[in-house]
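What follows is one structure encoded as structure tokens, with my remarks underneath.
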Amino acid sequence: MDDPSLSMAVNALAARVGESLVPAPSGLPEDGPRTLHHGVHVTAWCGSAARIRDERAGLARGASHPLAPRLVAHTETALAFERCLTAAPVDREDALVAAMPTRSFSATASVRAHLESLGGPVNLPRALARSLGRARADRLLARVVPITTGRGPSLGGVHPGWLHASSAGRLVCLSMRHAHAEAWAALDLAAAEVHGSAGLRDVHASAHGDGADAAYTLATLAVLLRESVLGAHVERAATEARILETLAPWLSQGAPSTVAVRIEGPAWLDTARWAGPAVAAAEARRLIRTLDGLAVGGTTLRVHTEPSLRAGRASPAWRPRDERRRELFSRWDAGIAFDDEGLFSATPEALAAQIASGAHGVAIDATCGIGALSIALARRSEVTRVVAIDTSAERLEMARHNAALYGVADRIEFRRGDARALVPALRGDLLVLDPPWGGRDYDRGRVGLGDLPLDIRPLLEAFEGAVVLKLPRSFDVAELGPRFSFEAGLDPRGFIKMLIARRPATR
Ligand SMILES: C[S@@+](CC[C@H](N)C(=O)[O-])C[C@H]1O[C@@H](n2cnc3c(N)ncnc32)[C@H](O)[C@@H]1O
């Protein structure tokens with residue numbers, strides 16, 4: 001006790017009660033009295049004058065409660081009440097139960113309104129949002145719950161005498177000052193249970209019938225949320241776990257496990273792969289997060305669910321870098337050569353195989369980068385030869401090295417130069433065009449041919465064989481004309497990564 005004014009307050013009080021008062025380990029929350037002391041016959045609290053005034057008023061209001069502590073003495077900044085801790089806990093429970101008022105009280109209100117009536121100086125709805133996350137808390141707070149409990153004199157949840165019993169580190173002062181007039185019997189019992197007595201829920205239920213269980217859950221929640229705020233230093237994790245445990249039946253109740261999903265999108269997009277009459281709610285939320293509002297092929301996707309769901313929050317889907325790189329090149333560990341741009345624009349192996357599917361004869365990869373598509377083409381037995389073109393000599397060298405790691409370098413002819421100059425002079429069965437998309441912010445609302453850094457129109461006009469294009473997913477398909485067909489390139493998690501456009505040979 002370093003504060004001289006507190007030490008004076010305790011000494012003055014000790015003089016009045018004729019006992020020496022020993023500081024008790026309190027771990028008192030800020031809202032509680034600032035120090036707790038015990039004598040042989042009294043327990044003493046010291047605090048600010050305002051706090052002590054408040055406590056005295058509270059004790060006076062609760063004076064008719066069978067468990068009300070008897071005030072022995074007080075000064076302006078301290079008060080002492082009779083220690084009443086000799087009874088075994090079970091007796092205190094019995095006394096609490098016996099003290100339950102018989103006047104029944106019912107109310108139907110939102111969880112938010114109930115918690116506000118029980119919150120006192122603590123904002124319980126905000127504490128709930130801290131524990132559950134805003135979206136989940138908002139859903140729960142909006143729920144309308146009928147409760148039945150008893151109303152009557154209350155000590156705000158915990159008899160001050162319990163302070164001693166719990167002072168070994170589990171002390172939380174539950175002065176529900178503003179809840180006083182509305183105090184619920186469930187609150188006293190729930191507090192008793194939270195502080196170590198089990199089974200009081202049944203006692204309350206048998207006394208109050210229908211709605212008693214909901215009242216008890218809310219009262220327990222109020223006690224725990226208060227502890228999570230005021231008793232921050234005391235077993236916070238355990239308190240949070242109990243909040244979740246208390247709410248588990250309510251959180252799972254009413255939340256649909258499956259919903260019907262319908263996706264509005266372009267006709268060519270196989271939206272049925274995500275939609276259906278019974279999609280797991282978690283998956284439906286993921287679809288809302290990743291697809292709703294996404295521009296694909298010049299159309300904005302819309303995800304509808306029945307019953308309607310909100311996207312909710314997602315934890316970031318982090319995956320180790322090596323795992324992501326092996327998705328690009330399964331032989332990554334063999335020593336794939338790359339530079340920044342080449343790696344950023346490399347096509348993941350599964351998607352490269354999708355783009356190359358159907359290729360045969362001579363295939364031209366007009367913008368080969370570090371070689372992902374050339375390798376996929378060369379690995380197809382139906383492809384007799386690949387011509388790989390790039391303006392960058394370094395990237396061509398990397399593509400050659402990478403092709404060698406896949407054992408297909410000798411099936412690829414590497415040519416350095418501008419595709420616009422080289423392609424028109426070549427004859428081939430398939431032209432693969434994976435033009436640069438214009439940096440990392442390619443995913444704009446709508447991308448057209450004129451937005452791509454390399455104008456591929458002359459190449460499309462000049463080439464008579466089949467064509468396959470790898471384009472940003474937001475590319476407006478209307479720009480390519482009726483001979484093209486489209487498909488989405490998805491990553492292993494079903495997320496749209498790119499648009500694939502195909503045109504059959506014109507000759
Ligand atoms: C999107 S990257 C190709 C990625 C590659 N298809 C892959 O999956 O690994 C585009 C490449 O086009 C090349 N490029 C840009 N303009 C070019 C042009 N006019 N002619 C040929 N290549 C060009 C760039 O050097 C770059 O390597």
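By convention here, the first residue in the shown sequence is residue 1. Both ligands and their constituent atoms are indexed starting at 1 by order of listing.
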Q: Name the closest protein heavy atom to atom 14 (N) of ligand 1, giving the residue it belongs to and the distance to 0.1 Å.
A: T391 OG1, 3.7 Å
Q. Between P424 and L459, which heavy-atom pair has the shortest distance, and what is it?
A. CD-CD2, 4.3 Å
Q.
One residue to check: A366. Relative to ligand 1, which of side chain, backbone, both or neither has a non-hydrogen atom less than 4.0 Å away?
A. backbone
Q: Classify the contact between C368 and ligand 1 as side chain, backbone, both or neither, using a heavy-atom distance cut-off of under 4.0 Å.
A: backbone
**Q.** Numbered atoms and elements of ligand 1 in range of A346, under 4.0 angstrom, heavy atoms
**A.** 7 (C), 8 (O), 9 (O)
Q.
Suppose we measure from atom 27 (O) of ligand 1 to each protein heavy atom; which comes out shortest, and what is that distance?
A. D390 OD2, 2.8 Å
(Q) Regarding atom 12 (O) of ligand 1: of the candidates L433, L452, T367, which has the closest heavy atom? (A) T367
(Q) For atom 2 (S) of ligand 1, what's the nearest protein heavy-atom neighbour? Residue, atom name and distance, please. (A) S345 OG, 3.4 Å
Q) Is a side-chain donor or acceptor of W274 paired with a backbone partner of V261 at a separation under 3.5 angstrom? A) no
Q. Applying the side chain to side chain contact (heavy atoms under 4.5 Å, CB included) test to M498, which of L351, L471, L490, D434 qualifies?
A. L351
Q) Does the side chain of L328 reach to within under 4.5 Å of the side chain of E349, using non-hydrogen atoms? A) no
**Q.** Shortest protein heavy-atom distance from atom 15 (C) of ligand 1, along with the residue and atom involved
**A.** P436 CG, 3.7 Å
Q) Atoms of ligand 1 less than 4.0 Å from G369 heavy atoms? A) 27 (O)
Q: Please test L269 against T299 for side chain to side chain contact (heavy atoms under 4.5 Å, CB included), starting from the C-alpha separation and ending with a verdict.
A: CA-CA 10 Å; L269 186 66; T299 306; over 6 Å; no
Q) Between CG of L454 and CH2 of W437, what distance do you get to the nearest 0.5 Å? A) 14.0 Å
Q.
I'd like to know whether the aromatic ring centres of F338 and W332 sit less than 6.0 Å apart in this structure.
A. yes
Q | Side-chain donor-acceptor contact under 3.5 Å, R201 with T217 | A | yes
Q. Among protein heavy atoms, which sits nearest to atom 20 (N) of ligand 1, and what does the distance come to when rounded to 0.1 Å?
A. A419 N, 2.9 Å
**Q.** Closest approach of any protein heavy atom to atom 8 (O) of ligand 1, naming residue and atom
**A.** T347 OG1, 2.6 Å
Q) Which atoms of ligand 1 sit under 4.0 Å from any heavy atom of G417? A) 20 (N), 21 (C)
Q | Nearest protein heavy atom with distance in Å, relative to atom 19 (N) of ligand 1 | A | D418 OD1, 3.0 Å
Q | ligand 1 atoms in contact with L454 (distance to a heavy atom under 4.0 Å) | A | 19 (N)
Q: Pick out which of R473, Q354, K470 makes a side chain to side chain contact (heavy atoms under 4.5 Å, CB included) with I500.
A: Q354
Q.
Considering non-hydrogen atoms of the protein only, which is the closest contact for atom 4 (C) of ligand 1, and what is the distance?
A. D434 OD2, 3.3 Å
Q: May I ask you to decide if T220's main-chain N or O and R242's side chain share a donor-acceptor pair within less than 3.5 Å?
A: no
